[in-house]
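As structure tokens, the structure follows; a few thoughts come after it.
What you are looking at is a predicted structure, and each value in this text was computed from that prediction instead of being measured.
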Amino acid sequence: MMKRLIFTFISVIIALVSFADEGMWMLNTLNKDNWQRMRELGFNLSEEELYSSTNPSLKDAVVIFGGGCTGITVSEKGLVFTNHHCGFDAIQSQSSVEHDYLKDGFVAQTQEEELKIPNLEIRYLVRTENFTNRILTSVDTISDEMERLRKINEIATQVEDSIVGDNQFIDAEIRSYFARNEYYLNVYQVFKDVRMVFAPPSSVGKFGGDTDNWMWPRHTGDFSVFRVYADAENKPAGYSPENKPYRPQSYARISLSGYKEADYSMTIGFPGSTERYLSSWGVIQNVKSSNEPRIEARGIKQDIWRELMAQNDEIRIKYASKYARSSNYWKNSIGMNRGIERMNVVERKKAIEKDFSDWLEKNPEQKKIYGNALKLIKESYSASDQAQKNYIYLLETLWKGTEIVQLTNAVMGYDVNQSEEEKTEYIKKILDPIYKDYIPALDQQVLAAMMHLAKKRLPQESLPQIFKEIDKKYKGDYEKYAKHVFEKSIIPYRDKLLEILPNSNKVRKLDKDPAYQLAKSVREAFDATLAETGSYLGDKLEGERLFLAGLKAMYPEKSFYSDANFTMRLSYGKIGGYVPYDGAWYDYFTTQQGVLEKYKKGDYEFDVQDEIMKLLSEKNFGKYANEKGDMNLCFISDNDITGGNSGSPMFNKNGNLIGLAFDGNWEAMSGDIVFEPDVQKTIGVDIRYVLFMIEKWGKCDRLLKEVVFE
């Protein structure tokens, strides 16, 4: 019995509150416990130097890069460092067989050579404001959870619209925190003129490929360099040759001093999503009804892509970014399921729920408020398990798994009643980017494979109705059906589609097109499945909101942090190695020697250009060398990060840049659900490796003259 009590207590502490260096903390709400721990670890900056709502501070140098990454401003001329995989879409968009920047890298030796990247945006946080009271007092009499959310969204939209107006260079978002128990407004400046400055070859930026992804030790130079441009008044603007490099409020200084074990390490970034307070029922559903279907569907699709990419450079370039995005989350799902089982996450969650129930029984007044929480959660997850699995299979096979359905949905958005200018803009901004990197013959193979999987895994009532027609006409031969779609449809072929778009009557007859009929049927099935999962949503959300509020009431003296929601967060910790499994030890840094050891001539993951191998072999590292004359490539800390933190600056105790976070580690893939203090690590590329590549490989001294060293 005593062992059971000890286990339960430890489980609660690990999973729910700040333990060791757990936590993705809002900078404007850091409390005395946070500051005490940061000081214990060695942090030297003042509160005002780290975060200020009125004066320039370190947080003003950190940016949202694109739609799902972080970056750090490193010069007074708007130079931004981020990861190679964050810049991958941009690099790919400018690549061709003739100019293969993915394979060969890119260096702008002058400002005039910096490449405009269409549709790439960088956001700087202007301010964060607590809106909790205004939001919650407006809904305190609403008992229905979905009506409550509808009202909250209505208020949030009104506030956001009042701030943004018709200014395309301002963004305002009211986000929920602590399972919709708190609300904050975040306002951003949006810069739309962003240009590519430097990218190493993928042999450096993606060294190790899928094999090394999420793994330690790593030897990946995962960085790329961009520049933000502004108008003559230093304000955000659309692209113009007349724009000048942006003069930021703040930028990071760079440290070449390196680090030692147990040194302070801090990240500031925009982590995307965690579920640290998820229930045991939610964890089980994630494993069985979400991750397992995703793993199966993406694995099949990626096998098709990878085989054809290896055979043809044009296909490789067009599909490189798509493959990387798909594979990243695929491997994440595999690792998460593995980690959840290995770390006994479900049992630990059940222990927390048992303690919560026991606490309620001893506190009748609290039970009146929170007593229904676990019941709502359990019943909603249990009832929605099959619907969730159907939803994910349909999503991963046909709705998003096949490009032809996505493309057709985009074509459906073309409005023949709009002005000619609006229609031209739609083609340019929506359709052309899809067609640019689309290969119908490849997608035909994927469609057939995904239809086989959908038929195998989905119950008859959840399949798109078109399957009945296909099975009757083609006798289950989905290869034959896919061939028919791509032979008879005009939608997969840009030139054929553009021929009919000027003719409204022909556009209206697209509903006879086989791709249109497929997409329409898939949409109907997808909407029905989504509606079924949504029918349980209100109870689930209410239960989770009450559960987290109850946990905070249960532990009033503990410091809680909100789950990640792609808003600015800080994580603090220290640099150090770890024990991945019994009898093994991983050191806290890697050097160039690892590239030499892993190198495989001709291998798409571990091949490296001769000139780079020569640079690493010669060991002429100069000021970038460590005390032994080697060069650190990557290092690890126990900072708490997740997706969205990619590209986040890693700072030392003085707030100087020592690296860029780019990954987590395989042993802690369940970390989005339960923080694992003994093994959870952040993997970063050493800033000295970044600068070495810029100087020695890229020979781009102008960038080194821009940055400021400590």
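- We find the OG-CZ distance between S648 and F65 to be 13.0 Å, quoted to the nearest 0.5 Å.
- For the pair K540 and Y536, the cation-pi criterion (under 6.0 Å, within 45° of the ring axis) is not fulfilled.
- Looking only at side-chain heavy atoms (C-beta outward), E22 and R276 come within less than 4.5 Å of each other.
- At least one donor-acceptor pair under 3.5 Å links the side chain of N312 to the backbone N or O of E314.
- Put simply, the side chain of P492 does not reach to within 4.5 Å of the side chain of D443, judged on heavy atoms.
- Formation of a donor-acceptor pair under 3.5 Å by the S646 side chain with backbone atoms of C69 is not found in this model.
- Shortest non-hydrogen contact noted between A519 and N409 is CB-OD1, 4.1 Å.
- Listed for the D212 side chain is no donor-acceptor partner under 3.5 Å among the backbone atoms of H219.
- Under the 4.5 Å side-chain criterion, counting only non-hydrogen atoms from C-beta, L518 is in contact with V405.
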Does R325 form a side-chain contact (heavy atoms from CB on, under 4.5 Å) with F88? I'd like the steps, not just the answer. CA-CA 10 Å; R325 287 195 300 268; F88 202 76; over 6 Å; no
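- Counting heavy atoms from C-beta outward, F662 and C634 have side chains that approach closer than 4.5 Å.
- Here the shortest heavy-atom pairing between I268 and T70 reads O-CG2, 3.9 Å.
- No side-chain heavy atom of K288 sits under 4.5 Å from any side-chain heavy atom of D385.
- A distance of 12.5 Å separates CD of E676 from CE of M669, quoted to the nearest 0.5 Å.
- Using a 4.5 Å cut-off on side-chain heavy atoms (C-beta onward), T642 and M24 make contact.
- At least one cation-pi condition fails for K681 and Y586: the charged atom is not both under 6.0 angstrom from the six-membered ring centre and inside a 45 degree cone around its axis.
- A heavy-atom distance below 4.5 Å is not found between the side chains of V283 and E275.
- When all heavy atoms of M650 and S637 are compared, the closest pair comes out as CE-OG, 3.6 Å.
- Of the candidates F223, Y259, F589, Y259 is the only one forming a side chain to side chain contact (heavy atoms under 4.5 Å, CB included) with D686.
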Run E403 and Y438 through side-chain contact (heavy atoms from CB on, under 4.5 Å) and show every step you take. CA-CA 8 Å; E403 293 177 276; Y438 180 62; 3.5 Å; yes
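- In Y329, the OH atom is not crowded: 12 or fewer heavy atoms of neighbouring residues, nucleotides or ligands sit closer than 6.0 Å.
- Here the NE2 atom belonging to H84 is positioned 4.0 Å from the OG atom belonging to S202, to the nearest 0.5 angstrom.
- For the residue pair I658 and F635, the shortest heavy atom distance occurs at O-CE2, 3.7 Å.
- Within 6.0 Å of CD on Q386 lie more than 12 heavy atoms contributed by other residues, nucleotides or ligands.
- The main-chain N or O of A199 is never found under 3.5 Å from a side-chain atom of S224 such that the two would form a donor-acceptor pair.
- The backbone N or O of Y478 sits nowhere less than 3.5 Å from a side-chain atom of K455 that would complete a donor-acceptor pair.
- Here the shortest heavy-atom pairing between I300 and A449 reads CG2-CB, 3.9 Å.
- Annotation: the span from W214 atom CH2 to E667 atom CD amounts to 13.0 Å, rounded to 0.5 Å.
- For T220 against Y689, the heavy-atom pair with the smallest separation is C-CE2, 4.3 Å.
- A donor-acceptor contact shorter than 3.5 Å is absent between the side chain of R569 and the backbone of N645.
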Test log, rule side-chain contact (heavy atoms from CB on, under 4.5 Å), inputs F526 and L395: CA-CA 7 Å; F526 183 76; L395 175 76; 3.9 Å; yes
Run the numbers on Y381 and I284 for side-chain contact (heavy atoms from CB on, under 4.5 Å), then give the verdict. CA-CA 9 Å; Y381 273 109; I284 293 169; over 6 Å; no
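- No donor-acceptor distance shorter than 3.5 angstrom exists from the side chain of S326 to the backbone of K322, with no hydrogens or angles considered.
- More than 12 non-hydrogen atoms from other residues, nucleotides or ligands lie less than 6.0 angstrom from NZ of K598.
- Between the side chain of S280 and the backbone N or O of K349, no donor-acceptor pair lies under 3.5 Å.
- The pair R316-D100 counts as a salt bridge, with a side-chain nitrogen and a carboxylate oxygen less than 4.0 angstrom apart.
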Passes side-chain hydrogen bond (donor to acceptor under 3.5 Å, both in side chains), Q388 versus S290? Steps please. CA-CA 7 Å; Q388 177 68 13; S290 294; 3.1 Å; yes
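- Here the NZ-CG distance, from K301 to L453, works out to 11.5 Å after rounding to the nearest 0.5 Å.
- With contacts defined as side-chain heavy-atom distances shorter than 4.5 Å, the pair Y578/D638 does not qualify.
- Residues N390 and S462 bring a donor and an acceptor atom of their side chains to less than 3.5 Å of each other.
- Taking 4.0 Å as the cut-off between side-chain N and carboxylate O, K331 and D210 do not count as a salt-bridged pair.
- The ring of F606 has its center closer than 6.0 angstrom to the ring center of F207.
- Without hydrogens or angle criteria, N639 side chain to S265 main chain gives a donor-acceptor distance under 3.5 Å.
- Q92 places a side-chain N or O within 3.5 Å of a backbone atom of I317 that can act as its donor or acceptor partner.
- A distance of 4.5 Å separates CG of N632 from CZ of R688, quoted to the nearest 0.5 Å.
- A salt bridge does not link K389 to E296: none of the charged nitrogens lies less than 4.0 Å from a carboxylate oxygen.
- In this structure, D663 pairs ionically with R218, as a charged nitrogen and a carboxylate oxygen lie closer than 4.0 Å.
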